Asker: 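First, the structure itself, so that you have it in front of you.
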There are 2 protein chains.
Amino acid sequence: MKKKRKISIKDISKELGISTTTISFIINNKAKNRISKEVIEKVEDYIEKVGYKPNTTAQTLRTGKSKTIVFMAEDISDPFFSAIAKEMEEIAFENGYKIIYCSTENKKERALELLDLFKDRQVDAFIITPPEGFKDEMEKLIRENKQAVMVFDRYYDDFEHNYVVLDNLASSTRATRYLLDNGFQNVGFVGLKSDISPTLERLQGYQQVMAENGQKDRSVLIPFDEVKTLTGRKKIYDFIKRNPQIDSLLFATNSLAISGLKTLKEMSLKIPEDVSVLTFDDRDLFELYSPPISVISQPVSQLANELIKGTLNLLESDFKESSKFRKVLKGQLIERISSSRVSENNSI
Amino acid sequence: MKKKRKISIKDISKELGISTTTISFIINNKAKNRISKEVIEKVEDYIEKVGYKPNTTAQTLRTGKSKTIVFMAEDISDPFFSAIAKEMEEIAFENGYKIIYCSTENKKERALELLDLFKDRQVDAFIITPPEGFKDEMEKLIRENKQAVMVFDRYYDDFEHNYVVLDNLASSTRATRYLLDNGFQNVGFVGLKSDISPTLERLQGYQQVMAENGQKDRSVLIPFDEVKTLTGRKKIYDFIKRNPQIDSLLFATNSLAISGLKTLKEMSLKIPEDVSVLTFDDRDLFELYSPPISVISQPVSQLANELIKGTLNLLESDFKESSKFRKVLKGQLIERISSSRVSENNSI
DNA sequence: TCGTTTTACTAAATCGATTTAGTAAAACGA
DNA sequence: TCGTTTTACTAAATCGATTTAGTAAAACGA
């Protein structure tokens, strides 16, 4: 088993007696109107024959383009993010790009570390779900303008940037109205304690509709770190205990809903008779739950498509048109039994 | 906003009047016993001061090492694989490696495409979950010995390779015995139609125990592509209809179990009264299901740790000790209500 | 016809590191 | 004391592409 060295452009040059310049032009489709048909054909045939593929590292070193995109998600093992990741991956590969994934865990320090790591590793673009309190760093990154930057799932008011987000305000408004329309008066809101836009807008949409309808704002905000823990569940438990009037719960994320469902089960509260449930983000768990849980589903395919295509477009155009790409997509309310109207005589 | 070029080793060389050779030695910790303390300190201080980071692309071009690992999973959006991915990612980063993920969808052609894509993109290692019928390609890849290759979740008998797998035979044996011990006589098996080792071993373990106990083998195998479809569910439905004696079902994967649970719901069969359920792979869905579903849980953290540390070790040792790394980990049976003993008088 | 333009190419520099093959001076050693 | 070894460094080659700055020959044009 000989270790055969990979063939290089120089080998082809020697073999065919044609300069590497000419060969490079042909490989990169810059041969039109410059190189004769015969030479182009000769080189292309030879490349085909020996299966030559240019060394991407050398190309990156020379051109400064690495054909690499970093997707910095909140948590790549969260079904929402991993579904997005998978769809993007395929389109990226088709376009000759590779994606590197990482998870911030919604921690500023971790995001900063990852950013530092990749900034000096010749990456072409960042698709970022910024954690809490990361605004200044994002602004700096975008201002440096060294890579294309696409912000996902959240956005900032204070400066221009490219982003793809759900219309969280409209979705939350719609969700709250729907619960009220279904006869639930005392809707409680379980959200995240966080300054990122979806969190704020989901709460805001809820509060607006409640105020419009002369209802009280009954909400609890759980810190990101506590969502999946006993502490988080305890907070939801206390919230429900403190507000016995609540006949309906709107959860701001799928993780909150899962902790909420566990809590409701422990409290032996029946869904939807004792309390109806509606949550953001669909998961197969919600469809299979007893009873099936109503959701505001995010258009995963569409989000992933906009994200990756938008990013690729930025890269194509050398991102001179930067900071102008904005997509706000609609959520879809999927009604299941957990939020269905309950006949009047049923009550705790 | 000036575009300031990144500082290079040459800039340092000029600035300090020290050759790039010396600086390179210092950066790469090869300065011991070669370069004077004063010079080392001078260079290190300067590097610290200006925040110099070597250009990784240039390093890759020169050394042939890219510090990149490709993780080719069956489906990166499957919770099992995304959980593994996330754990590996962190350890890889800590060690200066980045991971590129991709999904084969269990399709040979797709895996081949991806392999081709990465083989000539200077990747240091592959962690692969090979799809069906990919044995020859895997053998070839390993024989070429250009990258470290770690096989995950499955293995081959015919040639030596590094792998990390679950002890599927023992787990399946244990699971089947447990169901029999719990009073279920007619255990049915819902598996994948596939030639990969976990599938075969899970079926085999089931069959062995059934035979030992003088019970009939009642199994159905669903093609990978159909698992999440109506066609797949129809096959499970028909299987149950054809075998009305079945009082218990063992599912070979979490996806099969989800399709199975949907089917059982449609058929209005009660768990565990009409049919008990046990499945491979834990998911939060199973814990929250009504009733909670018993599982054979794979040790995700441990698997991820062995995979990435094993791979990093291969890379450290220039993978000369290749094809000797084998880890077979134990599954854990988690008992929940879906497989609990049912009093004798209950029957369909 | 002869200066200019176009065509079809190439030599050499370059991206930014590592590594090979050295050297001058100091230290050693019998 | 003087040949050898050690110490502390460096110049130049190299990885494999792209790009800059050219050139010789052919075609053109008045």
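Residue numbers start from 1 in every chain, and the chains themselves are labelled A, B, ... in the order their sequence lines are given, proteins ahead of strands. All of these numbers come straight from a predicted model, not from anything done at the bench.
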Asker: Are B/Phe152 and B/Phe126 near enough that their ring centres are under 6.0 Å apart?
Answerer: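 Aromatic pair excluded; centres sit 6.0 Å or further apart.
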Asker: Under 4.0 Å: is that the gap between some side-chain N or O of A/Ser36 and OP1 or OP2 of C/dT7?
Answerer: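 It does not, given that no N or O in the side chain of A/Ser36 lies less than 4.0 Å from OP1 or OP2 of C/dT7.
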Asker: 5'-most contact on DNA chain D: A/Arg34 or B/Ile23, nearest heavy atom basis?
Answerer: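 In this pair, the answer is B/Ile23.
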Asker: More 5' along DNA chain C: A/Leu61 or B/Thr22, using each one's nearest nucleotide?
Answerer: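 Whichever sits nearer the 5' end wins; that is A/Leu61.
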Asker: Validate the cation-pi geometry between B/Arg34 and B/Phe25: distance from NZ or CZ to the six-membered ring centre under 6.0 Å, angle to the ring axis within 45°.
Answerer: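 Positive - B/Arg34 is close enough to the ring of B/Phe25 and near enough to its axis.
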Asker: Check the angle between the aromatic planes of A/Tyr156 and A/Phe159 and answer parallel, tilted or perpendicular using the 30° and 60° thresholds.
Answerer: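 Because their plane-to-plane angle is under 30°, the rings of A/Tyr156 and A/Phe159 count as parallel.
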Asker: Using only side-chain N and O atoms of B/Asn33, determine if any of them is under 4.0 Å from OP1 or OP2 of D/dT7.
Answerer: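 Answer no for this pair, as no side-chain N or O of B/Asn33 is under 4.0 Å from OP1 or OP2.
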Asker: Between the side chains of B/Thr104 and B/Asn106, does any donor sit under 3.5 Å from an acceptor?
Answerer: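 On atom types as modelled, these side chains do not qualify, holding no pair under 3.5 Å.
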Asker: Return no unless some side-chain N or O of A/Ser24 is found under 4.0 Å from OP1 or OP2 of D/dT18.
Answerer: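 Indeed, a polar side-chain atom of A/Ser24 lies that close.
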Asker: Base, sugar-phosphate alone, or nothing: which one does B/Ile18 contact when heavy atoms must sit under 4.0 Å apart?
Answerer: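 Here B/Ile18 touches the backbone only, sparing every base.
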Asker: Rounded off to whole Å, could you give me the CD1-to-P distance for the B/Ile9 and C/dA17 pair?
Answerer: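 It works out to 6 Å between those atoms.
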Asker: For the pair made of NZ in A/Lys10 and P in C/dA11, what is the distance, rounded to whole Å?
Answerer: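 Rounded to whole Å, this separation is 12 Å.
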Asker: Taking atom C1' of D/dG16 as reference, at what distance in whole Å does atom CD of B/Gln59 sit?
Answerer: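 Spelled out: CD on B/Gln59 to C1' on D/dG16 is 17 Å.
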Asker: Determine yes or no for a side-chain-to-main-chain donor-acceptor pair under 3.5 angstrom, with A/Asp45 supplying the side chain and A/Lys42 the backbone.
Answerer: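 No; zero donor-acceptor contacts below 3.5 Å.
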Asker: Please state how far atom CZ in B/Phe25 lies from atom C1' in D/dA11, giving the value in whole angstrom units.
Answerer: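 For the pair B/Phe25 CZ and D/dA11 C1', the rounded distance is 13 Å.
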Asker: Test your reading of the model: is there a side-chain donor-acceptor pair from A/Thr63 to the backbone of A/Gln59, 3.5 Å cut-off?
Answerer: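 Looks like yes, one N/O pair under 3.5 Å.
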Asker: Has A/Lys30 got a side-chain N or O lying under 4.0 Å from the OP1 or OP2 atom of D/dT18?
Answerer: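 No, A/Lys30 has no side-chain N/O under 4.0 Å of OP1/OP2 on D/dT18.
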Asker: Backbone N or O of B/Leu312 within a donor-acceptor pair of the B/Asn95 side chain at under 3.5 Å?
Answerer: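 Absent.
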Asker: Whole-Å distance between D/dT10 P and B/Leu16 CG?
Answerer: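 After rounding, the gap between these two atoms is 11 Å.
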Asker: Using a 4.5 Å cut-off on heavy atoms from C-beta on, say whether the side chain of A/Asp153 contacts that of A/Val165.
Answerer: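 No, side chains not in contact.
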Asker: What is the distance, rounded to the nearest whole Å, between atom CD of B/Glu38 and atom C1' of D/dC9?
Answerer: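 One finds 13 Å between C1' of D/dC9 and CD of B/Glu38, rounded.
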Asker: Has the side chain of B/Thr21 got a donor or acceptor atom sitting under 3.5 Å from an opposite partner on the base of C/dT19?
Answerer: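 Per atom types, the contact qualifies.
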Asker: Can you tell me how far P of D/dG16 sits from NZ of A/Lys6, to the nearest Å?
Answerer: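 The distance from NZ of A/Lys6 to P of D/dG16 comes to 9 Å, rounded to the nearest Å.
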Asker: Under 3.5 Å for both pairing distances: what stems, at least three Watson-Crick or G-U pairs long, include DNA chain C?
Answerer: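 When the pairs of DNA chain C are grouped into runs of at least three, the stems are C:1-30 with D:1-30.
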Asker: With a non-hydrogen cut-off below 4.0 angstrom, is A/Lys37 in contact with a base, only sugar-phosphate, or nothing?
Answerer: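 The answer is nothing, as A/Lys37 stays clear of every strand by at least 4.0 Å.
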Asker: Phosphate oxygens OP1/OP2 of C/dG16: is one of them under 4.0 Å from a side-chain N or O of B/Tyr52?
Answerer: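 Answer no for this pair, as no side-chain N or O of B/Tyr52 is under 4.0 Å from OP1 or OP2.
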Asker: For A/Thr63, report the nucleic acid contact type (base, sugar-phosphate, nothing); a contact means any heavy atom under 4.0 Å.
Answerer: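 Sugar-phosphate contact only.
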Asker: Look at the rings of B/Phe71 and B/Tyr101 and say which category their plane angle falls in: under 30° parallel, 30 to 60° tilted, over 60° perpendicular.
Answerer: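 The arrangement is perpendicular - the two ring planes meet at more than 60°.
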Asker: Using side-chain heavy atoms (C-beta onward) and a distance below 4.5 Å, is A/Lys327 in contact with A/Met150?
Answerer: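 No. Closest side-chain heavy atoms not under 4.5 Å.
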Asker: Which residues in residues 39-48 of chain B have a heavy atom closer than 4.0 Å to any atom of DNA chain D?
Answerer: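 Going residue by residue through residues 39-48 of chain B, the ones with a heavy atom under 4.0 Å of DNA chain D turn out to be B/Val39.
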Asker: How many whole angstroms separate atom CG of A/Asn28 from atom P of D/dT20?
Answerer: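 Checked: the CG to P distance equals 13 Å.
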Asker: Please confirm whether the shortest side-chain N or O distance from A/Ser19 to OP1 or OP2 of C/dT10 is below 4.0 Å.
Answerer: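 Checking A/Ser19 against C/dT10: at least one side-chain N or O falls below 4.0 Å of OP1 or OP2.
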